[in-house]
Participant: 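Can you read through this structure? Questions will come right after.
Naming: A, B, ... by sequence-line order, numbering from 1 per chain. What you are looking at is a predicted structure, and each value in this text was computed from that prediction instead of being measured.
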Number of protein chains: 2
Amino acid sequence: MSGSAARTQAVFSTLDVPQGPVPKSKYSFAPRALADLLDHDNQDYRRHVQEIFGTVPLFSHALTAQTVADKGLHGHRDLTLERVRYGAQNQLISVRDYLGNPLKFQAYLETACLLEGSFGVKSGVHFTLCGGAIMSLGTPVQHDEWVPRMDKLELAGCFAMTELSHGSNVLGIETTATFDNSTNEFVINTPHEAAQKIWIGGGALHAQITALFAQLIVNGTNHGVHCFVVPLRDAHYNLLPGVKAADNGLKLGLNGVDNGRLWFDKVRIPLKNLLARYSQVEPTTGKYVSSIENPGVRFATMLGALIGGRVLITASAAMLSQFALLIATRYGFSRTQFPDETGSEVSIMSYLSHQRRLFPSIATAVCTRLAAGLLKDVFVSRSPASLKQVHVLAAGLKAYATWNKQQFVRECREACGGQGLAFHNQIGAIMIDSEVDTTFEGDNSVLYQQVAKALLGEFRKAAKAGKATLPTAPSKAATPEELTALPHLLALYAYRTKDLLMTLVAELQASLKSGVAHSFSDAWDRNCDLALQLANAHVEHTILAHAIHTLQDEKLDKTLPPVLTILARLFALSRIEKDLGYFI
Amino acid sequence: MSGSAARTQAVFSTLDVPQGPVPKSKYSFAPRALADLLDHDNQDYRRHVQEIFGTVPLFSHALTAQTVADKGLHGHRDLTLERVRYGAQNQLISVRDYLGNPLKFQAYLETACLLEGSFGVKSGVHFTLCGGAIMSLGTPVQHDEWVPRMDKLELAGCFAMTELSHGSNVLGIETTATFDNSTNEFVINTPHEAAQKIWIGGGALHAQITALFAQLIVNGTNHGVHCFVVPLRDAHYNLLPGVKAADNGLKLGLNGVDNGRLWFDKVRIPLKNLLARYSQVEPTTGKYVSSIENPGVRFATMLGALIGGRVLITASAAMLSQFALLIATRYGFSRTQFPDETGSEVSIMSYLSHQRRLFPSIATAVCTRLAAGLLKDVFVSRSPASLKQVHVLAAGLKAYATWNKQQFVRECREACGGQGLAFHNQIGAIMIDSEVDTTFEGDNSVLYQQVAKALLGEFRKAAKAGKATLPTAPSKAATPEELTALPHLLALYAYRTKDLLMTLVAELQASLKSGVAHSFSDAWDRNCDLALQLANAHVEHTILAHAIHTLQDEKLDKTLPPVLTILARLFALSRIEKDLGYFI
Ligand SMILES: Cc1cc2nc3c(=O)[nH]c(=O)nc-3n(C[C@H](O)[C@H](O)[C@H](O)COP(=O)(O)OP(=O)(O)OC[C@H]3O[C@@H](n4cnc5c(N)ncnc54)[C@H](O)[C@@H]3O)c2cc1C
Ligand SMILES: Cc1cc2nc3c(=O)[nH]c(=O)nc-3n(C[C@H](O)[C@H](O)[C@H](O)COP(=O)(O)OP(=O)(O)OC[C@H]3O[C@@H](n4cnc5c(N)ncnc54)[C@H](O)[C@@H]3O)c2cc1C
């Protein structure tokens, strides 16, 4: 074979086309004020972390490229681990912040996701998924047991929920944790092949403990899915007895994360490893005690505590969209290709097609980022009463932000022509490393259906109370100005949501009445397409409403309302264009 | 650092979920007859090549995965080279077939693209781009000079057209080939950094000769872009004097192809290295002689001869779409996740959302593949008179097929949930390795504009001759059956194309009249969005018309018309839904 690594002199470090300045907008505004608004919180801390990532050689993009090129998957994984370790050992983040300083916690992880996908996800798995599970589902004593070592990455954590046969359907998982009254231990077991844990980030190589989800069985009774801390590997990353692991191998993107499969062969863990904030098992008697009586509510509370991951993905998706759009927009203004009739070449941004490719997406990304800020606010101030609302907002925004991101980023890739394929251009890496965002932490189609079901539930409640209102179409706009004014657009969005909800109600009834569907769930499956449309309409309404709310905020920097108004209108109008069939 | 390659036991070889049989369709048809129809030609030869790729260990998917994981970019490149070499040395394909047996030639390369992206593209660069240029632009003597060694890969070829500053705009390239009357040589030179050749497949490591495009300058006169064969490296892949190369490094996908940059420092090549089928330079006098007087026509003829690459990409894109859809569809029927009200789990294909995700795309992929067959026919039987028609068809279909493929394949990825991310699932590799298809061999947006410009040109010609007809809306369908019948759908499609064309004509005039646009090209740029819409409508009309034509073919297997009718209708209706804003 020919072609040795030594002969390859890759050009990684420079963008090939001078990134000229973007022309001045006629709406002059304070860019720093806008950036701070979109960052939402911890602006100084974010800049501090960015500064570190931008200067410490371990974090350089060129190092990622060279490592992947020369050392493949394995080198990428080692590098990613070292990056996570750096953040931990330099105390840039602590697991305790998941509850104690959640916005700062998020800010670190968002910055990590922006730097590089595998680094962001591996950090997220350790701090948010495993750490967050221990913090939210564990007691203070349990925090003290694991968190100090996790904070130094002396104990790397993973999160084992998904099984081969059950991903979206968490209730369906089959791994068991059976209480042994005689020893006060739980026996963790994989009953058959289809119940193997799969895709577990860190599972293949590095995770030393896992927050494991399993059916809790005590004295022959199944109390449903609970979360346990299960040791997996020793300090030298050797598997502990009874634990089997395999590597998920090469993936589309995120190859710096060692996703793996896990099997448990009657592995014994002490009683104290059941995360016991909401539920405990009494020693010897095995009496099951929970502060939440209703198993459905208990499960929802447990999963609700883990929403942090979705908040992170939502905010990161909007940031990554903005980042890719920034690269493509700067390129668009500086790249020339064809001459005009005078013979001098025009920037590719002169083409209407190119503007339409990028500008509406910028508006959408900005408005989505504002809404991610709203999500953070309600997440941080959540209470048992607001849990449902937080869930619906997180589910809807997560799906919306990540679906859009995949589209936007692909479009940005294409907008950069051949350069969009270069690793140093960064867009390609974003595209593949965050592809999984539409699937993990809740598959988007499943999340949207949860949003639609929640809307249906609210409607039914209101109907029962005789308070359901029918949608009223907004009055026709008299002038183009009125038509494109934000209040009118918001009314259109509100109408669409209500109208689609009524259509869904009618279609479900019709499917059942006509006998086409033999049950509610069958009727739902046959109409879930409409449910997705409804969820989308609801999310867009939420985003637009929040953008308007934001730009009306009195405390806002005075230069921002005009530019935010433009962006909100462009967002609203371009999404109407996408759904023109409905609106006409 | 922890985590060694040795510890990683990747599970590459099996799909995790049993791929159960797809339920029997109520339209029973002969699957082999459909497959043969879609393959278009050389069915036995295709099966022969597939058999080899499926059994010779060098071509196994597991080997690709293991190589990339363990040896990164470099290992992937070496492996790809060996695969190309295998095909060459086992005489599965010959450069001569580009003209002598073009359908067989295509069939080999399509099969290669289906097997693995880098292998397909590296084969395509050598055989179609470099080999095809020599065959179509060279004389028989020139064929004899290079082809025999190319056929054994003793001489690996590349194709150097794109420069850092000029990709889509081929006329704008700046590399020069200046004739030296005293030695009867051309001096190949890169005048400045921006004129470096870039993204040249094989340029970084393996290419020993290149089909190079440069401005031909003789006796101080620039005769425009011509193609030259320029030696780059010796038998041991060492660069020849005056040639500089650099590696484009890690990319989003296609990392088995060593794309590189090339600089030429007054490199001398003999007169006989100008590919001389259409143009020659006389020794000593430097008199320029061409069989095609008009420089514009000459350039178009030259580029027209290279359309083979676009034909390959079009057919491959439709095949890859179908392949990804096959994987996702089988998975959809066998994967269960949530239980219904009886407690037994239903296949994810039960969800309307899932069906809508996949079925319309299947119909579109099939109809596009049929149209790729039409393209092959007109390509193979091309004449100077049909060149324009071939170009418009190839440009439109290439853009349509590749844009759709990117969407379809992404959707398939998501339809497989987490499994869609696994390398062994194949969809991820298709997604990233063929991402470039929308950019190379003509950027899609640029190609669509060429289609629109051609339509505008035809209209103007017709208008001048007093033969332009106005679009007439098809008569309203009286029943749902009539509405969804193919003749009615075809009439709708025909109407949309004409109507959009008239709108474009009107908008261009309006931009100029109102003074908003200061020239035709300015008016065009401001309306190129509409031009893209028009091109899309035209392509969809062509595809639908050809599908109808095909299913009416008397020689067709008798079981096929019903299933093709369903597919054509689903294609037509689903594309109408995509453009509902227009059709309403
Ligand atoms: C890179 C990566 C990292 C991961 N990391 C972790 C981790 O650290 N820990 C962990 O526990 N898990 C992890 N996962 C697993 C991930 O959470 C699951 O893949 C995800 O929950 C989806 O489940 P699934 O793969 O079983 O897909 P499925 O649920 O089987 O979905 C398959 C398809 O069916 C569709 N579908 C399913 N149900 C419905 C419905 N009701 N209506 C309509 N459509 C439906 C979906 O939209 C999807 O297209 C990871 C996955 C990947 C790929
Ligand atoms: C992996 C890879 C392999 C390649 N292999 C080869 C090879 O072997 N040989 C070779 O010669 N080249 C090769 N290329 C180069 C490829 O052909 C060019 O990248 C392609 O022609 C696009 O040119 P560009 O990159 O300069 O993009 P540009 O032309 O600069 O386009 C940038 C953006 O501007 C838009 N744009 C440009 N003009 C217009 C317009 N008039 N109207 C509207 N929008 C416009 C485009 O849509 C695009 O989004 C390869 C590229 C890649 C990435």
Participant: Output the option from A/Glu414, A/His354, A/Lys578, A/Arg356 having the highest count of non-hydrogen pairs under 4.5 Å with chain B.
Facilitator: A/Glu414
Participant: Checking heavy atoms, do the side chain of B/Phe338, its backbone, both or neither come under 4.5 Å from chain A?
Facilitator: both
Participant: Below 4.5 Å, heavy atoms only, C-beta onward: do B/Asp433 and B/Asn255 meet side chain to side chain?
Facilitator: no
Participant: Check each atom of B/Ala429 against the heavy atoms of chain A and say whether the ones under 4.5 Å are side chain, backbone, both or neither.
Facilitator: neither
Participant: Search all heavy atoms of A/Val257 against all heavy atoms of A/Gly201 and return the closest pair with its distance.
Facilitator: CG1-CA, 3.9 Å
Participant: Any Lys/Arg nitrogen of B/Glu507 or B/Arg526 sitting under 4.0 Å from an Asp/Glu carboxylate oxygen of the other?
Facilitator: no
Participant: If you tally heavy-atom pairs under 4.5 Å against chain B, which of A/Glu193, A/His518, A/His166 wins?
Facilitator: A/His166
Participant: Please work out which of the three classes, parallel, tilted or perpendicular, describes the rings of B/Trp403 and B/Tyr448, given edges at 30° and 60°.
Facilitator: perpendicular
Participant: By a 4.5 Å heavy-atom criterion (distance strictly below it), what part of B/Leu421 contacts chain A: side chain, backbone, both, or neither?
Facilitator: both
Participant: Just so I understand: if I count every heavy-atom pair under 4.5 Å between each of B/Ala531, B/Gly420, B/Cys528 and chain A, which residue has the most?
Facilitator: B/Cys528
Participant: In terms of heavy-atom proximity below 4.5 Å to chain B, should A/Gln406 be classed as side chain, backbone, both, or neither?
Facilitator: side chain
Participant: Is it the side chain or the backbone of B/Thr336 that comes within 4.5 Å of chain A heavy atoms, both, or neither?
Facilitator: backbone
Participant: For B/Glu577, is it the side chain, the backbone, both or neither that has a heavy atom under 4.5 Å from a heavy atom of chain A?
Facilitator: neither
Participant: Can you tell whether the side chains of A/Arg77 and A/Asp258 come within less than 4.0 Å, N to carboxylate O?
Facilitator: no
Participant: Which one wins on heavy-atom pair count under 4.5 Å against chain B: A/Asp529, A/Leu580, A/Thr67, A/Asp579?
Facilitator: A/Asp529
Participant: Given that the side chain runs from C-beta out, which part of B/Ser168 has a heavy atom under 4.5 Å from chain A: side chain, backbone, both or neither?
Facilitator: both
Participant: At a heavy-atom distance under 4.5 Å, which candidate from B/Gln407, B/Lys251, B/Gln337 has the highest pair count against chain A?
Facilitator: B/Gln337
Participant: Heavy-atom distance under 4.5 Å to chain A: side chain of B/Lys71, backbone, both or neither?
Facilitator: backbone
Participant: Which residue out of A/Asp525, A/Asn444, A/Leu254 racks up the most heavy-atom pairs below 4.5 Å with chain B?
Facilitator: A/Asp525
Participant: Shorter than 4.5 Å, heavy atoms on both sides: which option in B/Glu345, B/Gln449, B/Arg410, B/Met431 has the most such pairs with chain A?
Facilitator: B/Arg410
Participant: Among B/Thr162, B/Leu171, B/Val68, B/Asn169, which has the most heavy-atom pairs under 4.5 Å with chain A?
Facilitator: B/Asn169
Participant: Let me know if A/Phe440 has heavy atoms under 4.5 Å from chain B in its side chain, its backbone, both or neither.
Facilitator: neither
Participant: Between A/Arg83 and A/Thr64, do the side chains contain a donor N or O and an acceptor N or O under 3.5 Å apart?
Facilitator: yes
Participant: In terms of heavy-atom pairs under 4.5 Å, which option from B/Ile432, B/Leu532, B/Asp522 contacts chain A the most?
Facilitator: B/Ile432
Participant: Do you know which of A/Gly428, A/Ser350, A/Gly581 has the most heavy-atom pairs under 4.5 Å to chain B?
Facilitator: A/Gly581
Participant: Report the C-alpha distance between A/Gln208 and A/Arg233 in whole Å, list the side-chain angles of each, state the deciding distance to 0.1 Å, and finish with yes or no for side chain to side chain donor-acceptor pair (under 3.5 Å).
Facilitator: CA-CA 4 Å; A/Gln208 288 150 326; A/Arg233 291 186 175 84; over 6 Å; no
Participant: Test side chain to side chain donor-acceptor pair (under 3.5 Å) on B/Asn527 and B/Ser511; report intermediate values, then the result.
Facilitator: CA-CA 9 Å; B/Asn527 288 290; B/Ser511 309; 3.0 Å; yes
Participant: Can you see whether A/Arg335 engages B/Ser165 through a side-chain donor-acceptor pair at a distance of less than 3.5 angstrom?
Facilitator: no
